[in-house]
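The basis for the numbers below is simple: all heavy atoms, side chains too, and nothing from hydrogens, waters or symmetry mates. In what follows, every chain begins at residue 1, and chains take the letters A, B, ... in the order their sequences are listed.
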Amino acid sequence: MGSALGQKPWEPLIRLFLLACAVVSIATTAGIILVLVTEAATFFREVSPLEFFFTTSWDPLLRNEFGVLPLICGTLLVAGGALLIAVPMGLGTAILMSEYLPNWMRQIAKPILEILAGIPTVVYGYFALVFITPQIIQRLFPSAAPFNGASAAIVVGIMIIPTIASLCDDSFRAVPNRLREAGYALAATRLEVSTRIVLPASTSGVIAACLLGLGRAIGETMAVSMAAGITPKLTLNPLVPIQTMTSFIVQVRGGDAAQGTTAYRALFAVGLTLFAITLITNLVSHRVLRRFREVYE
Amino acid sequence: MNPPELLPRPTLRVDTNDSSPRPESAPEDAPIRVCDFSLAYGTFQAIKQVSLTIPAREVTAIIGPSGCGKSTLLRSMNRMNDFVSTVRTEGEILYRNVNIYANDCDPVELRRRVGMVFQRPNPFPKSIFKNVAWGARINGYRGNLNELVEESLQKAALWDEVKDKLHQNALTLSGGQQQRLCIARSIALQPEVLLMDEPCSALDPIATSRIEDLIDQLKSQYTVVLVTHNMQQAARVSDRTVFMLMGELVEVDRTSVIFTKPKEQRTQDYISGRFG
């Protein structure tokens, strides 16, 4: 404590500064929501929400068709495929790091893994375009188009492996060692301890990690636009070009739509939809989490 | 170091009719023999050339001041020290004449027969039933799990208290109940030896006395090795007492002898409370 009982003179200033930091991010969020909602409201006065959510053709620039389903479908296809790849690989990596590797190897492996998360997404997009599509997908499926959903899903999956692995590793590490000891003392193997003690005890952390990965996959723009193309199409076929919500937003922002037009405002409607999807995933996962997690105290 | 006749067999075999109590444990009936065993954590020598025989169906207590290596020795008996990466061992520990530190000894197989109960109760954050059934399940138990759980809980003197709430989370139990649950969980694997590492140190006196009664019952079927910092506890429940000091085994004898007329001055000093 200070020399007297009183506060140091700069204490209130520090407090004020920290408050300002917090306010900036809250205000930004509020501002974003405000802009999204007002612009989207204008859009929905011009295009009915029924048309927007329930028709299946998206061509806002040329034919004024505003059925958002192909974009949602594209986003879900890419994000779902990415999770399909990233969750098993991320979990496997995390189990390896926290349960199998000696500590010194983990301390080398983890930063290397985190470097993967720092590679610019354009590089991943290029990687998908010049390697994954021609060298892997088109070899396996010669009919695949140069732009396709599968390559985007794979590359986004690879992108989010470090996020999932690193966060899962942290939550595995938080499981108290006495639970592991209990398992080993009951003649469990390393794999049994990993999958039947550590994994269930860190369900909440694992789900949180997957959600963060999902969030990144849904929000990923650059790599997806480069790999999957910009052809909105309502399909589950991963071998044809598609468009996701985010790649539509960059396409329009890239100058294809003049400010003030309906097509321009469609951007905000799509943004709001994206925001709603993320919000719903979060809410649902909170429910799931509360039901399934094992609390160890 | 390794006399040829002690070379390990590839698998551990225990004669399964072992569970009926025998009137007198013959001196050669010793499930565990520690032979000139040393263990170091990095450069710290925690156990120095200890030799010790653990007779069947008796309670052997290991006492000594903190840091004397008693827990380390106990954990060496089912290779729970494997998880410390800097551990080095010398000498042998034989379980049923198999050197458990031999390369071809599978520690998982060993721990099926040499169970362990820890200092702090550590039930899994699962139901009481699942806690008891867990070990049996992963080890491919084919019998009736309900019966096994009931029998194990009964042997651990916990059945009457939990029979109506088997599917409640184990963490809702009191500390003493949790520790008896952990004992039940170990028993469910039908081990031959139970290692107990200060099982009462986190418990109140009433819970402690229940566990002590339980240990007394358990020795009719199991060989118990008990590490304790509590000399009264060793005197109350054990048949034989081992006194360790700074990694060395100072003296081992019948408990009554250790506590009345020990041969070693250092034992005398410790039990009379002059240090430790």
Side-chain angles (χ1 to χ4, degrees), chain A residues 91 94-110 168-209 288-297, chain B residues 12 74-75 77-86 106-127 130-141 169-172 178-179 181-191 193-197 202:
Chain A
L91 272 180
I95 287 176
L96 176 78
M97 287 199 300
S98 99
E99 306 301 313
Y100 284 80
L101 290 188
N103 212 29
W104 64 270
M105 273 173 89
R106 174 178 177 268
Q107 274 166 7
I108 298 171
K110 202 162 170 172
C168 287
D169 174 63
D170 290 340
S171 70
F172 293 164
R173 286 264 145 178
V175 174
N177 257 331
R178 62 202 155 84
L179 290 184
R180 292 189 181 86
E181 286 193 327
Y184 286 123
L186 291 171
T189 61
R190 237 173 235 279
L191 185 66
E192 285 157 350
V193 168
S194 310
T195 57
R196 299 199 189 198
I197 296 175
V198 176
L199 191 61
S202 36
T203 319
S204 52
V206 169
I207 293 182
V288 174
L289 231 119
R290 223 178 304 158
R291 187 174 299 179
F292 291 111
R293 74 194 192 131
E294 285 186 346
V295 183
Y296 45 81
E297 331 250 89
Chain B
L12 289 163
L74 190 79
R75 297 167 72 92
M77 293 180 188
N78 68 344
R79 289 191 45 184
M80 288 300 283
N81 286 323
D82 284 15
F83 306 106
V84 183
S85 56
T86 57
D106 177 7
V108 172
E109 199 67 12
L110 170 72
R111 294 184 197 119
R112 213 170 280 169
R113 280 147 199 174
V114 183
M116 187 166 223
V117 176
F118 297 85
Q119 219 172 82
R120 253 181 89 187
N122 55 356
F124 300 126
K126 303 176 191 289
S127 74
K130 282 186 178 162
N131 262 278
V132 182
W134 197 86
R137 266 188 187 146
I138 62 159
N139 284 292
Y141 181 74
N169 193 308
L171 296 169
T172 59
Q178 288 186 12
Q179 194 62 301
L181 179 68
C182 292
I183 294 173
R185 188 171 68 174
S186 301
I187 289 174
L189 276 181
Q190 297 161 322
V193 181
L194 266 182
L195 307 175
M196 298 188 160
D197 188 1

- Run the salt-bridge test on B:E109 and B:R112 with the 4.0 Å N-O cut-off and return the result as yes or no. yes
What part of [X] gets closer than 4.5 Å to chain A, counting heavy atoms only: side chain, backbone, both or neither?
X      : result
B:F124 : both
B:P191 : neither
B:I138 : both
B:R79  : neither
B:M80  : side chain

- Query: Who are the salt bridge (charged side-chain N to carboxylate O under 4.0 Å, His left out) partners of A:R106, not counting sequence neighbours?
  - Reply: A:D169
- Note on the structure: Residues at least two apart in sequence or cross-chain that pass side chain to side chain contact (heavy atoms under 4.5 Å, CB included) with B:S85, listed by chain then number, are none
- Task: With sequence neighbours excluded, tell me which residues meet side chain to side chain donor-acceptor pair (under 3.5 Å) with B:R111.
- Result: none
- Heavy-atom contacts under 4.5 Å, residues 183-195 of chain A to chain B: A:G183, A:Y184, A:A185, A:L186, A:A187, A:A188, A:T189, A:R190, A:E192
- Tell me, yes or no, whether the heavy-atom count around A:K110 atom NZ, taken from other residues, nucleotides or ligands under 6.0 Å, exceeds 12. yes
- Task: Please examine the side chains of B:I183 and B:M196, heavy atoms only from C-beta on, and report whether any two atoms are closer than 4.5 Å.
- Result: yes
- Message: Are the side chains of A:I197 and A:E99 in contact, using a 4.5 Å heavy-atom criterion?
- Response: no
- Nearest heavy-atom contact between A:V198 and A:V175 is O-CG2, 3.9 Å
